[in-house]
There are 2 protein chains.
Amino acid sequence: MKNKTRDVKSTTINLEGKRATSYDVARVAGVSQSAVSRCFKAGASVSAKTRAKVDGAAKSLGYQPNAIARGLISGRSNIVGVLITELTNLNYPQVLSQLNRKFAEKDIHILLFTLDKESDVDKVLEKVWQYQVDGIIAAAQFTEVQISACEDRGIPLVFYNRLYPQSTVSSVCCDHYEGERSLVEGLLNSGRKSFVVMSGPVDSPVSTARTQGAVAQLKGLAVDIVEVEGDYSYQRACSLTREVMNSAMHNPDAFVCTNDIMAIGCLDTLRIEYKANIPKDISVVGFDGVDAAAWLNYDLTTVLQPLERMVEAAVEMLLERIEQPELPAEKRLFAGSVRHGATAQLD
Amino acid sequence: MKNKTRDVKSTTINLEGKRATSYDVARVAGVSQSAVSRCFKAGASVSAKTRAKVDGAAKSLGYQPNAIARGLISGRSNIVGVLITELTNLNYPQVLSQLNRKFAEKDIHILLFTLDKESDVDKVLEKVWQYQVDGIIAAAQFTEVQISACEDRGIPLVFYNRLYPQSTVSSVCCDHYEGERSLVEGLLNSGRKSFVVMSGPVDSPVSTARTQGAVAQLKGLAVDIVEVEGDYSYQRACSLTREVMNSAMHNPDAFVCTNDIMAIGCLDTLRIEYKANIPKDISVVGFDGVDAAAWLNYDLTTVLQPLERMVEAAVEMLLERIEQPELPAEKRLFAGSVRHGATAQLD
DNA sequence: CTGAAAGCGCTTACAG
DNA sequence: CTGAAAGCGCTTACAG
């Protein structure tokens, strides 16, 4: 009967219009509001009897602690900001859902900020400050001033696939330079002599690193090198491939594309429009390891980023720094692994 | 000189360890805390003089109103929860970034919840309650109980690509049924007689609607129909295609795949492993309009979802209901548009 | 237009 | 183990 009464009461309270607070629970459970609060705090000392009363009342009221209020008083919002640019991150969905999964394990949630242009960072950071995030994962380019702003506010910051060699910030990065370099080394070993290096957007540090890795390996050797400027897109890769193939000056036997999507565009164009025999006459390589690279029609030779381990590392580093703000910055560089596909022989 | 002094002071305050509050700004500006608050509220009445003093002080202190505190007192967090399942939503990245863009215009931010399995909804909703979101966009399947839970708490809810015909909830949806039906009608008109309908995961309502649209159009006609159960993945589509082609009982001339990725897997398998002539001997159609559908090698005949308009509608509907909770539920159904590609003639 | 004051829903020392 | 009380940083009537 007592329970019945409580249920009725609880329903009434709930229907007053607003959700139950810890005071409502306290009243129903017949304990103090402090006691209710303790029951929802891990590791607090509460007697079994009190806990039972509170649990019952909370359940009947549908009570959940208000994370906003908790954040205000404790200084911990349990929210991290994730800043991500669409264009430059091709594994965008996977990275984001992996991040979410790893953070969720620690009961931390993601406030999402997507950037159209890297130049929007300032505008976005203003919003980030307002939301009192506990930390930031950034897959976007920051200026030194923007990095300092995070430091000044005591907000831990970890970059994803952005290296700041001259700056002391934490980052997790795939070794784009070395990955591309070793891929090109393989192409050289297989006897390729005339290279096209197709870069991504000029403002993408990831593309720059990959391009530099390729060029560094080729420089000084008796090979032909053409650099063309892509934008990571399929369409532009097709156009550039046509331009190169139509030019009387070049007769390439290897296309080094700084991402998989461009490699696929290049491949389609070469096969369909130029009836090229791949990899016999022309080799094509990409970078990233997107799903399509493994499709029957492509079986692309490329470099796989160890996405899961990278995301795990980023989350771990950020959480550590939220707990211990004094921790020094740390850079973690992960090697990519070559996928030996059918579009290039690497010997 | 006065400014100089303020700057020094401000720096000192900032370096005390914590960020500036409205009280800090008030002290520096020589006004009350209420005045500071008003300056950051749109449409509040503040004199030009006060505003100038406050703006100056705020700038020198790097002050930004604390959205958490604001949310607590005002009951508006300016955060919406977005629940999204990975597997079932193939336009995942585009939808998410479009949502983010549209919400950002209204200064609203997205707290992201990704679901591995649709069954995780309960666990996730608990977190959603805690964060006092102003509303929810759900691209996941809810039970009636879960829908009621949102209503009880007065949290507006809009479904994205989920229809609840028997329930009064708001939703934005592509007309999957009609899109697939008209695609199949086109295939029939072109003379196809033996159909394979490849569905997605059984628990995906989107796939179910598409499958039903296809079957409804075919039922009762003098055509052969085989239904196979896919899971929206490339790999499984390849296996299923092999099974069908190796079966002595069937000799299909049309594959109706309920998403583009499966259509691509089907296409690759048919061309590469069975040397099929497409679309002469066999037609293949997909659904969604993913980027790869437009690649030279595929040029897929498929149905495009009007993603941008759908997202816009979802955002608009949710914002309206946040402002006016009493607004009745509304269902908006958008027609898809056929992409006439090279993998099927529709006449 | 302005300021003093109450209060949003919590956490956390502090006594008992 | 428990409860009374202060306080997190705001917004918002309420007087003036």
Side-chain angles (χ1 to χ4, degrees), chain A residues 13-14 16-54 57-58 61-79 129-134 153-154, chain B residues 13-14 16-54 57-58 61-79 129-134 153-154:
Chain A
I13 292 176
N14 257 345
E16 304 273 358
K18 49 201 46 165
R19 57 185 272 181
T21 71
S22 56
Y23 282 95
D24 298 324
V25 177
R27 200 180 319 129
V28 172
V31 300
S32 73
Q33 181 270 338
S34 321
V36 175
S37 179
R38 281 192 208 97
C39 286
F40 285 88
K41 180 189 168 139
S45 52
V46 192
S47 71
K49 194 187 282 181
T50 301
R51 168 150 280 144
K53 285 192 284 186
V54 169
L61 290 168
Y63 172 75
Q64 293 283 358
N66 182 327
I68 298 290
R70 172 179 280 174
L72 184 59
I73 186 71
S74 70
R76 276 286 178 81
S77 61
N78 283 328
I79 292 176
W129 308 145
Q130 297 188 2
Y131 278 93
Q132 295 278 89
V133 300
D134 293 338
R153 280 155 219 265
Chain B
I13 293 175
N14 257 345
E16 304 275 357
K18 48 202 48 165
R19 56 186 273 181
T21 71
S22 55
Y23 282 94
D24 298 324
V25 176
R27 200 180 320 130
V28 172
V31 300
S32 74
Q33 182 270 338
S34 320
V36 175
S37 179
R38 281 193 208 96
C39 286
F40 285 89
K41 179 188 169 142
S45 53
V46 192
S47 70
K49 195 187 279 180
T50 300
R51 169 150 278 144
K53 285 192 284 187
V54 169
L61 290 167
Y63 171 75
Q64 294 281 359
N66 182 326
I68 299 292
R70 171 179 282 174
L72 184 59
I73 187 72
S74 70
R76 277 284 179 83
S77 62
N78 284 328
I79 292 176
W129 309 145
Q130 298 189 1
Y131 279 93
Q132 295 275 89
V133 299
D134 293 338
R153 281 155 219 262

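All chains are named by letter (A, B, ...) in the order of the sequence lines, taking the proteins before the strands, and each is independently numbered beginning at 1.
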In whole angstroms, how far is the [atom2] atom of [N] from the [atom1] atom of [X]?
X: B:R27; N: C:dG3; atom1: CZ; atom2: P; result: 15 Å
X: A:Q130; N: D:dT11; atom1: CD; atom2: C1'; result: 15 Å
X: B:Q64; N: D:dC10; atom1: CD; atom2: P; result: 10 Å
X: A:W129; N: D:dC10; atom1: CH2; atom2: C1'; result: 20 Å
X: A:Q132; N: D:dC8; atom1: CD; atom2: P; result: 13 Å
X: A:R70; N: D:dC10; atom1: CZ; atom2: C1'; result: 20 Å
X: A:N66; N: D:dC10; atom1: CG; atom2: C1'; result: 14 Å

Can you measure from [atom1] ([X]) to [atom2] ([Y]) and round to the nearest 0.5 angstrom?
X: A:Q130; Y: B:I68; atom1: CD; atom2: CD1; answer: 10.5 Å
X: A:S22; Y: A:R70; atom1: OG; atom2: CZ; answer: 10.5 Å
X: B:C39; Y: B:K53; atom1: SG; atom2: NZ; answer: 10.0 Å

Can you find a heavy atom in the side chain of [X] that is under 4.5 Å from one in the side chain of [Y]?
X: B:V36; Y: B:Y23; result: no
X: B:F40; Y: B:V54; result: yes
X: A:Q64; Y: A:R19; result: yes
X: A:N78; Y: A:D134; result: yes
X: A:N66; Y: B:W129; result: no

Regarding C:dG3, can its base be found pairing with the side chain of B:R38 as donor and acceptor, where the two atoms are less than 3.5 Å apart?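 Answer is yes: a donor-acceptor pair is held.
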Any N or O donor-acceptor pair linking the side chain of A:S34 to the base of D:dA4 at under 3.5 Å?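 For A:S34, whose side chain was compared with the base of D:dA4, there is a donor-acceptor pair (under 3.5 Å).
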Does B:Q33 or A:F40 map to a spot on DNA chain C nearer the 5' end, using the closest nucleotide for each?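 That would be B:Q33.
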Given that B:T50 and B:A69 both sit by DNA chain C, which one's nearest nucleotide is further toward the 5' end?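 Its nearest nucleotide lies further toward 5', so the answer is B:T50.
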Could you tell me whether B:S37 contacts a base, only the sugar-phosphate backbone, or nothing, with contacts defined as non-hydrogen atoms closer than 4.0 Å?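 Counting heavy atoms under 4.0 Å across all strands, the contact made by B:S37 includes a base.
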For [N], take OP1 and OP2 only and decide whether either is under 4.0 Å from a side-chain N or O of [X].
X: B:S32; N: C:dT2; result: no
X: A:Y23; N: D:dG3; result: no
X: A:K41; N: C:dT11; result: no

Using only heavy-atom distances, determine whether the side chains of A:T50 and A:S47 contain a donor-acceptor pair under 3.5 Å.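 Distance-only check passes for A:T50 and A:S47.
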Exercise: do B:Q132 and B:S77 side chains pair donor with acceptor under 3.5 Å: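 No, no side-chain donor-acceptor pair sits under 3.5 Å.
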In which ranges does DNA chain D form stems of 3 or more consecutive Watson-Crick or G-U pairs, distances under 3.5 Å?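 Stems for DNA chain D, defined as runs of 3 or more consecutive pairs: C:1-3 with D:14-16, C:5-12 with D:5-12, C:14-16 with D:1-3.
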Kindly state which residues belonging to residues 72-79 of chain A come within less than 4.0 angstrom of DNA chain D, counting heavy atoms of the residue only, listed by number.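 Going residue by residue through residues 72-79 of chain A, the ones with a heavy atom under 4.0 Å of DNA chain D turn out to be A:L72, A:I73.
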